[in-house]
Amino acid sequence: MKAFVFSSPPSRVIFGAGALDRLGQEIERLGATRALVLSTPEQRSSAEDVAKRLGARSAGVFHQAVMHVPIETAEAARKLAKDLNADCCVAVGGGSTIGLGKAIALTSELPILAIPTTFAGSEMTPIYGITAQGQKQTGRDARVLPKSVIYDPLLVMTLPADIAGPSGMNAIAHCVEALYAEDANPITSLMAIEGIRALAACLPNVVDQPGNLEARSDALYGAWLAGACLGNVGMAIHHKLCHTVGGSYNLPHAQTHTIILPHAVQYNRDAAPEAMACISRALGGADPASGLWDLAKSLGAAVALKSIGMKAESLDEAACLATRNPYYNPRPIEYAAIRQLLQDAWEGRRPQ
Ligand code: NAD
């Protein structure tokens, strides 16, 4: 056994179909009496339902959350929280809504109660991101980690298949990179392997059988493990590429993860043999890179960057951006190899 450091940010998780019924107890536990409920415009009715459940403990609803937390949205929500004298944020939704809660917590230290409805995993991390003038700045801060997380699979039943599949692949990506992270450790690796196993097994049923509660419940369990991986250890080439490519060319977050992941795994194949063996076992014996590509394809997800809006003429620049600042990866970051990785991902090639 290699020496390691294990550090897990403290958080509380309530999991299960119907867990939302525990909302009142959880708010009481936080000592909050004036909660600001957050959502996207599309999930406004879920936010209003949560506000109704909170009754007198709800101070209001802000339903303007959008992807990548534009600073203008963050400022508007911060102002409303202040005007309403809110003492807590309840974020109902995916990474975009939870990200908005984090932007509020960053400047106000209001506690967050997260009710995730996708598989992105943000609720388990102290990582925040805010976009200003087209640039997304990210950071880690203990103040933004949700104090309490209610995972209720019933709320995931409405997630459309074309969002659910890539969202699940996004979660798998957190697990994959945790296995070869610079600060990987045995506990996080256990969570990562179990996360990949659970997600790979249930995602086909999540997509093909929208009414299958057990499949969505398993996916949410995998998403929890994946989020914990992302919150516990650093990431590598895959997350760096998704951040650079997705952020610079305004590509959809979960789809970008889905497309890049098999190629990032292929890139690291020889440099991280133990992690590859774990990924393969978790995929039921499949090759790590092509197995992940096959899984994405079987979910009906996009497998080519060109099909989600990336232009061929941007690939040189993207490779430059991704190789500009040195960062940890098990295999050294080389321009020519990254350029080839991006070409393969752009064309949607199955890794060989
Ligand atoms: P999202 O939150 O943008 O949601 C995508 C769409 O699905 C939205 O329109 C939303 O309203 C809708 N939706 C969500 N749940 C639904 C449900 N159950 N039923 C019906 N519709 C539903 O997507 P996401 O992929 O969860 O989040 C992406 C964002 O999260 C990105 O900005 C990404 O950078 C961030 N993120 C941050 C972290 C972190 O640790 N900080 C981790 C992962 C993702």
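In listed order, ligands and their atoms are each counted from 1. As the structure is a prediction and not an experimental result, all values here were calculated from the model.
Each of the atoms 39 (C), 40 (O), 41 (N) of ligand 1 lies under 4.0 Å from some heavy atom of Thr125. Atom numbering of ligand 1 starts at 1 in the shown order; those under 4.0 Å from a heavy atom of Thr117 are 14 (C), 15 (N), 16 (C), 17 (C), 18 (N). Shown in contact with Thr40 at under 4.0 Å from a heavy atom are these atoms of ligand 1, numbered in order with element: 10 (C), 11 (O). Of all the atoms in ligand 1, the ones that sit under 4.0 Å from a non-hydrogen atom of Gly94 are 2 (O), 26 (O). Taking a cut-off of under 4.0 Å to the non-hydrogen atoms of His68, the atoms of ligand 1 that pass are 31 (C), 32 (O), 34 (O). Atoms of ligand 1 found under 4.0 Å from any heavy atom of Leu230, numbered from 1 in the order shown, are 40 (O), 42 (C). Counting the atoms of ligand 1 from 1 in the order shown, those under 4.0 Å from a heavy atom of Ile163 are 6 (C), 7 (O). The atoms of ligand 1 that sit less than 4.0 Å from any heavy atom of Ser122 are 37 (C), 38 (C), 39 (C), 40 (O), 41 (N), 42 (C).
For the 3.5 Å distance criterion, the side chains of Ser7 and Asn232 fail to qualify, holding no donor opposite an acceptor. In this structure, a donor-acceptor pair under 3.5 Å is present between the side chains of Thr117 and Gln43. In this structure, a donor-acceptor pair under 3.5 Å is absent between the side chains of Ser39 and Arg44.
In this structure, Arg140 is not positioned above the aromatic face of Tyr128 in the sense of NZ or CZ being under 6.0 Å from the six-membered ring centre and within 45° of the axis.
Of the N or O atoms in Gly93, none lie within a sub-3.5 Å distance of an N or O in ligand 1. Distances between N or O atoms of Gly95 and those of ligand 1 include at least one value under 3.5 Å. At under 3.5 Å, not a single nitrogen or oxygen of Thr97, backbone or side chain, sits near a nitrogen or oxygen of ligand 1. Checked against a 3.5 angstrom limit, the closest N/O atoms of Ala120 and ligand 1 fall outside it. Considering backbone and side-chain N/O atoms, Asn170 never comes within less than 3.5 Å of an N/O atom of ligand 1. Polar contact with ligand 1: absent for His174 (N/O pair, distance under 3.5 Å).
At least one heavy atom of Lys102 sits less than 4.0 Å from an atom of ligand 1. Ligand 1 is approached by Lys136 to a heavy-atom distance shorter than 4.0 Å.
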Self-check item: Verdict with supporting geometry, Ser58 and Lys52, side chain to side chain donor-acceptor pair (under 3.5 Å)
Solution: CA-CA 8 Å; Ser58 165; Lys52 208 165 138 198; over 6 Å; no
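Protein heavy atom nearest atom 3 (O) of ligand 1, with residue, atom name and distance: Ser96 OG, 2.5 Å.
Side-chain contact check for Val92 versus Leu38: every heavy-atom pair is 4.5 Å or farther apart. Looking at heavy atoms from C-beta onward, Gln340 lies in side-chain contact with Gln343 at the 4.5 angstrom threshold. Side-chain contact between Glu313 and Lys311: present, with at least one pair of heavy atoms (C-beta onward) separated by less than 4.5 Å.
Aromatic pair His257/His253: ring centres closer than 6.0 Å.
Tested against Asp287, the residues Arg269, Arg281, Arg350 include a single salt bridge (Lys or Arg N to Asp or Glu O under 4.0 Å) partner, Arg269.
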